[in-house]
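Report on the following structure.
Scope of the values below: all heavy atoms of this structure, side chains included, with no hydrogens, waters or symmetry mates.
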2 protein chains.
Amino acid sequence: MTGQRSDARRNYQRILAVAEAEVAAHGAEASLEQIARTAGVGSATVRRHFPTRRSLLEAVFHERVEGLCERAHRLSAIEDGRTALLEWLHALVLYAVSARGFADTLSYEPPAEEPSPHSCGNRISAAGTPLLERAIRDKAVAPHVTFHDLLTLAVGIALATEHHKDPETQANRLFRLAVEGLSPEHGIAEVSENS
Amino acid sequence: MTGQRSDARRNYQRILAVAEAEVAAHGAEASLEQIARTAGVGSATVRRHFPTRRSLLEAVFHERVEGLCERAHRLSAIEDGRTALLEWLHALVLYAVSARGFADTLSYEPPAEEPSPHSCGNRISAAGTPLLERAIRDKAVAPHVTFHDLLTLAVGIALATEHHKDPETQANRLFRLAVEGLSPEHGIAEVSENS
DNA sequence: GTGAAAACGGCGGGACCCGCCGTTTTGCCT
DNA sequence: AGGCAAAACGGCGGGTCCCGCCGTTTTCAC
């Protein structure tokens, strides 16, 4: 089915494993040559399996993205549409903040969004859009808000807090700010503030 | 007073002029060597005047930052604290979106914030904080909001929309979203939506 | 086993950034 | 005016990276 040779498969896995560590350590700009060296393969082999940097990053984050999608599914069972959406968005932000390079990867999908329905951004959109639509139906979110808006905002929060002393805390502040708005509010239901 | 030699001053200006163009064209990652070549100086000279990439970027954006600060001053005369703050924040976002590399520059000031009170981030903070404080006194903004929050959010919006087809439009959407909050609102006073 | 296709990896080229160091330019001081 | 020390310059070599080419090795089907 895969049509791949065994050594190719093996190298693919090795490279991917090393890449995960390397990206976690150095972000989206991790050196491809360094990855090749650590994986014990030639740099050409890395490029053969992952023609572009993006393709490597997509692969690196694939599992975690699936986790997020699954979470969205589970949350769709919750009765309160607003809470479900907020809970999930919060998880998205936290993940984007914690996983170096993830926000960068998401930040420029633009180059032809159509091609791969499996791309991180598209997978996430597919998973999150229903949550947003329900929240809008529940009149809990303004109808002009698109999922793209929310995703971009989450990415922005992650990117902007990346170089802070305590990114997670700052990201939480910004998330809350964006959800509540600038003005002092009339006790809106809080999103869970734990882990 | 400057203590510089005339040729040094001349080269400094030349490099700065070229750098502005180059950064505008290629963002914060513009090639220093390319700048040197275009300016007709050795790459070492560029590094002599601007020891770090950051220092060059700070210089490049200095004028524009001053413009923003001045604008903050003028807006402090307006009667409505909330409007003044929003107007200024909007200008900040628009500038960050339009000037390639600016948001990147702002995004990691962290490395020792103390040293230079002239750094872009510190200048902007100094200019904007009074506006925020007034808005808070006017009960138009929640008291837990810090200027740092607002600046980071603006930077985030700029960074996240950088690779979009129409960054400015998307940035405006996100700005509005963050100001109003996620929920459908009770007609809050709008920020001017023009240029 | 063997042979063709797939996969590999080393090599050279081009672009950077950086530090060193001999050379040129300035401007002060006589 | 002329000389001289310090300031400023810029070229060079080393290191890293990404990329394309191409001869060699590995795999797998027959």
Side-chain angles (χ1 to χ4, degrees), chain A residues 1-61 100-101 104-105 107-108 111-112 163, chain B residues 1-61 100-101 104-105 107-108 111-112 163:
Chain A
M1 184 49 66
T2 63
Q4 268 195 133
R5 253 167 55 171
S6 62
D7 55 344
R9 236 179 348 249
R10 184 158 25 96
N11 280 337
Y12 179 93
Q13 294 299 346
R14 266 206 248 171
I15 292 170
L16 187 54
V18 172
E20 284 173 7
E22 212 64 23
V23 169
H26 303 103
E29 308 286 286
S31 162
L32 300 184
E33 291 216 329
Q34 178 59 38
I35 292 174
R37 255 169 294 168
T38 307
V41 301
S43 62
T45 299
V46 172
R47 249 170 319 107
R48 213 166 282 121
H49 285 291
F50 305 98
T52 73
R53 180 179 290 275
R54 282 197 54 73
S55 63
L56 177 62
L57 291 172
E58 295 269 353
V60 163
F61 294 116
R100 298 206 53 181
D104 293 87
T105 302
S107 79
Y108 49 111
H163 305 289
Chain B
M1 183 49 64
T2 65
Q4 270 196 132
R5 256 167 55 173
S6 61
D7 54 344
R9 242 182 340 253
R10 185 157 26 92
N11 279 337
Y12 179 94
Q13 293 299 347
R14 267 207 247 170
I15 292 170
L16 188 53
V18 172
E20 285 173 6
E22 211 65 21
V23 168
H26 303 102
E29 309 286 286
S31 161
L32 300 183
E33 290 215 328
Q34 179 59 38
I35 291 174
R37 254 169 290 162
T38 309
V41 301
S43 62
T45 298
V46 172
R47 245 164 327 106
R48 210 167 285 122
H49 286 290
F50 305 98
T52 72
R53 180 178 290 274
R54 283 196 53 73
S55 63
L56 177 60
L57 292 172
E58 296 269 353
V60 162
F61 294 118
R100 297 206 54 182
D104 293 88
T105 302
S107 79
Y108 48 113
H163 305 289

Check side chain to side chain contact (heavy atoms under 4.5 Å, CB included) between B:Ala44 and all other residues, then give those that pass, not counting sequence neighbours.
B:Arg47, B:Arg48
All ring-ring contact (aromatic ring centres under 6.0 Å, His included) counterparts of A:Phe61, not counting sequence neighbours:
A:Phe102
Holding to ring-ring contact (aromatic ring centres under 6.0 Å, His included), I want the full list of residues that pass it with A:Tyr12, two or more places apart in sequence or in another chain.
A:His49, A:Phe50
What is the distance, to the nearest angstrom, from the CG atom on A:Leu32 to the P atom on C:dC16?
18 Å
Just jot down the side chain to side chain contact (heavy atoms under 4.5 Å, CB included) partners of B:Arg100, sequence neighbours excluded, or say none.
B:Glu162
Under 4.5 Å between any side-chain heavy atoms of A:Ile35 and A:Leu56, yes or no?
yes
Selection: residues 33-47 of chain B, any non-hydrogen atom under 4.0 Å of DNA chain C:
B:Glu33, B:Arg37, B:Arg47
Please report the distance, rounded to the nearest Å, between CD1 in A:Ile15 and P in C:dG9.
8 Å
Contacts of B:Arg5 that satisfy salt bridge (Lys or Arg N to Asp or Glu O under 4.0 Å) - sequence neighbours left out:
B:Asp7
Quick one: side chains of residues 18-32 of chain A, donor-acceptor pairs under 3.5 Å with protein atoms, not counting sequence neighbours, listed by atom name and distance.
from: A:Glu22; atom 1: OE2; to: A:His26; atom 2: ND1; distance (Å): 3.4
from: A:His26; atom 1: ND1; to: A:Glu22; atom 2: O; distance (Å): 3.4
from: A:Ser31; atom 1: OG; to: A:Glu33; atom 2: N; distance (Å): 3.3
from: A:Ser31; atom 1: OG; to: A:Gln34; atom 2: N; distance (Å): 3.0

Between C1' of D:dG10 and CZ of B:Arg48, the distance in whole Å
7 Å
Residue whose nearest DNA chain D nucleotide is more 5′ - B:His49 or A:Arg10
B:His49
Strictly under 3.5 Å: I want the nitrogen or oxygen pairs between protein and nucleotides 1-3 of chain D, one per line.
none

Can you name the side chain to side chain donor-acceptor pair (under 3.5 Å) partners of B:Arg9, sequence neighbours left out?
B:Thr2
Phosphate-side-chain proximity, B:Arg53 and C:dC17, N/O vs OP1/OP2 below 4.0 Å
yes
Taken to the nearest whole Å, CZ/B:Phe50 to P/C:dC18 is 15 Å
Should A:Asn11 be listed as having a side-chain N or O under 4.0 Å from OP1 or OP2 of C:dC8?
yes
CG (A:Asp104) and CG (A:Leu57) are apart, to the nearest 0.5 Å, by 8.5 Å
Just to verify, what does B:Val41 make a side chain to side chain contact (heavy atoms under 4.5 Å, CB included) with, not counting sequence neighbours?
B:Asn11, B:Ile15, B:Ala36, B:Ala39, B:Thr45, B:Val46
N/O-N/O pairs, protein side and nucleotides 27-30 of chain C side, under 3.5 Å:
from: C:dG27; atom 1: OP1; to: B:Ser6; atom 2: N; distance (Å): 3.0
from: C:dG27; atom 1: OP1; to: B:Ser6; atom 2: OG; distance (Å): 3.0

